[in-house]
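I have placed the structure first, in the form of C-alpha cells, so that the comments after it can refer back to it.
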Amino acid sequence: DQFDNLDKHTQWGIDFLERYAKFVKERLEVEQNYAKQLRSLVKKYCPKRAKEEEPRFTSCLSFYSILNELNDYAGQREVVAEEMAHKVYGELMRYSLDLKTERKHHLQEGRKAQQYLDHCWKQMDNSKRKFERECREAEKSQISYDKLDNDINATKSEVEKAKAQFYLRTHMADESKNEYAAQLQNFNAEQWKHFNNAIPHIFKNLQDMDERRTVKLGETYRSFAESERRVIPIISKCLEGMVSAAKAVDERRDSTIVVESFKSGFEPPGDFPFEDFSQNLSRTGSDGTISTPKGERDKDGAPGPRSDPKHQMSKTKNKLWLFGKKPKAPSLEDFSHLPPEQRRKRLQQRIDELSKELQKEMDQRDALNKMKDVYEKNPQMGDPISLQPKISETICNMEKLRSEIHKNETWLSEVEGKQSSRGDRRHSADNHHHTPQGRESPEGSYTDDTSQEHHTPHHRTSPPQPGNPNPNPDPHEFDDEFDDDDPLPVIGHCKALYSFDGQNEGTLVMAEDEVLYIIEEDKGDGWTRARKQSGEEGYVPTSYVEITMEKNSKGS
C-alpha cells in the first residue's frame, strides 16, 4: 500500500546516482586540468634546441630528467582521468538510463494493476447501487399491491395490474442481487490477487532494481579508487627516477666540463724584460748602473730575442689576446678568432658534420648508379641518361665536401701540431737563449753541440702539416714562432704487432716486431705519431702497435 512512497524512493535513488556521476565528472576534469598544467610547466622549462651546451652539466641533465619524469607523472594523471571517464562516469550514465527505463516500466505495471482494481471496485459498486435501488422499487410495488388488494373499492383490473408490477419489480431485484453478488465475488478475487500477487511482484522488481543500483554504486566507488591505485607503481617509479636524477648530480664532473668548455690552450704570459733606457748614458762603474738581467744578451753583447721591448710587446699582444684585446678582424671560417682548444673542438665538430654529409652523398651516388644499371638492363623501366645530371651533381657535391674536409683537417692539424709541441718547444727555446753550455736537448739528453738543437732528420716524412702563419719567421721569434722542424720529444716506445705498408701520405712503413719511438699520442682518430731509429717520422695505426708510455713523458 506504499506505492507512492516507493515511487519517490526510487526516483531519489536515481537522482543520487546521477549526483555521484556529476561528482566523478568534476573530479576527472580536475585531473585533466592538473595534467595539462603539469605538461605546460614541463614544456616551459624544457631546454630549447638552440642551446646545446647547457645540458652537458649533470645538474642540468638531472633537472631535465626530473622534467621527463614529471611529464610521465602528468601522463599517469591523464590515465586516471581517462579511466574515471570510461569505467566510472560513462558506466554510471549508461546505468542511469537503464534504471530510468526499468523504473518507468515497473511503475506503469503498478499503475495498471491499481487501475484494474479500481475498475473492478466501480463495477461492484454500481451493481450494489442497482441492487439497492431495485429492492426499494420492489418494496414500493409490494406496498401498492397490498393496499389495492385490501381496498374493496379497487377494481379487479387495478389489482391485477399492481400484482404484475409487484412480480416484475421482485424479479428485477433478484437479478440485481445476483449481479451484485457476482461483481462482489469478482472484486474480492481481484483485490486478493492485487495485494497478494501483482503489487508484491512489482514491489519485488523495484526492490531488486534499487538493490542493483546500490551495488553499482559500490562497484563504481571501488573503480574510482582502483583507477588511482593502478597508477601508483608507475608514479612510484617516476618518483624513484627523480631521486636517482638527484643522486646523479656530480659537482666534480660539472667543474671538469666548465674547465674543458673554457680551456683556451694558451700558455701563461711570460715575464716582461727589463727595459734599460740608460744604455746610452755614459757612467762609471761606481755610478751604480743597473746591469742588464743575465741571459738577455748573447756572447757578442747583442740583445737577444727577449731583450727587444717592441718585439716582446708585439709578441705578447699577438699571442695572448685572451688577456688583452681581441683581434679586430677575426676569420670566422677557420675559427682563428677562438682560443686554440675551443678552435680544435669546433673544427673537429665541423669535420664530423661534413663527413656525415659526404657519406650521405656517397650513398646517394651508389643508389643512383644502381638505378642506372637497372635502367640499362631494363630500358622499359626508365632512361639511364636521365640520371646522369643527378649523378654529376652528386659527384660535384662530394668533391666540394672533400675539399671542405681537407681544408678543415689542415686547420685542425695546425692547431693540434702547435698544442702538442708548444710546451717542449718553449722549454728548448728557453735553454737555447739562457744556457749557452750544457743545454738540455729536446730529447731530454744533455749536449754541448749547439747545432743539434734545431737539427732535422733528412728522411722525415709527415702528414700534411698546417702552413706556418708567417712563412719567413723572424729570427727573433720564439715559442710558437719557432720553425716546425724541431724534433718532438720521445714520450714512449711501441712494438709493431703487424706490418704496415704506409702507402698514404704522412704514414710510416713498419715491419712486424719493429720497435719505434712514440712522439705523439693518439688524438682519438686511431693514428699514433712515431719515429724510427733512423729518424724517419710518420703516423701508424694505433691498433697495429703495442704501446708502452714512459713514466716521465718529458724524458726519453
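None of these values were measured; they are calculated from a predicted model. When a residue number appears, it is its place in the shown sequence, counting from 1.
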Exercise: do Asp352 and Gln348 side chains pair donor with acceptor under 3.5 Å: yes

Going by distance alone, is a donor N or O of one side chain under 3.5 Å from an acceptor N or O of the other, for Thr542 and Asp522? yes

When you check the side-chain N and O atoms of Asp72 and Gln76, is any donor under 3.5 Å from an acceptor? no

Flag the pair Glu361 / Glu357 as yes when at least one side-chain heavy-atom distance between them is below 4.5 Å, and no otherwise. no

Around Arg365, counting heavy atoms of other residues, nucleotides and ligands shown, do more than 12 lie under 6.0 Å from its CZ? yes

Please confirm whether the backbone N or O of Thr58 pairs with a side-chain atom of Asp254, one donor and one acceptor, at under 3.5 Å? yes

Keeping the roles fixed (side chain from His406, backbone from Arg402), state whether a donor-acceptor pair exists under 3.5 Å. no

I'd like to know if the side chain of Ser386 and the backbone of Asp383 have a donor-acceptor N/O pair within less than 3.5 Å. yes

Determine yes or no for a side-chain-to-main-chain donor-acceptor pair under 3.5 angstrom, with Lys345 supplying the side chain and Glu260 the backbone. yes

Do Lys532 side-chain atoms and Val509 backbone N/O form a donor-acceptor pair below 3.5 Å? yes

Do Met84 and Phe224 have side-chain heavy atoms sitting under 4.5 Å apart? yes

Can you tell if the side chain of Tyr517 reaches within under 4.5 Å of the side chain of Val490, non-hydrogen atoms only? yes

Near Ile232 CD1, under 6.0 Å, is it more than 12 heavy atoms from other residues, nucleotides or ligands? yes

For the pair Ser403 (side chain) and Glu399 (backbone), establish whether a donor and an acceptor sit closer than 3.5 Å, ignoring hydrogens and angles. no

Does any part of the side chain of Tyr539, heavy atoms only, come nearer than 4.5 Å to the side chain of Thr528, both counted from C-beta? no

Evaluate side-chain contact (heavy atoms from CB on, under 4.5 Å) for Lys390 paired with Met371, printing each intermediate quantity in order. CA-CA 12 Å; Lys390 187 65 177 176; Met371 188 180 298; over 6 Å; no

Closer than 3.5 angstrom, by distance alone: can the side chain of Ser499 be matched with the main-chain N or O of Ala511 as a donor-acceptor pair? no

Atom NZ of Lys25: over 12 foreign heavy atoms under 6.0 Å: no

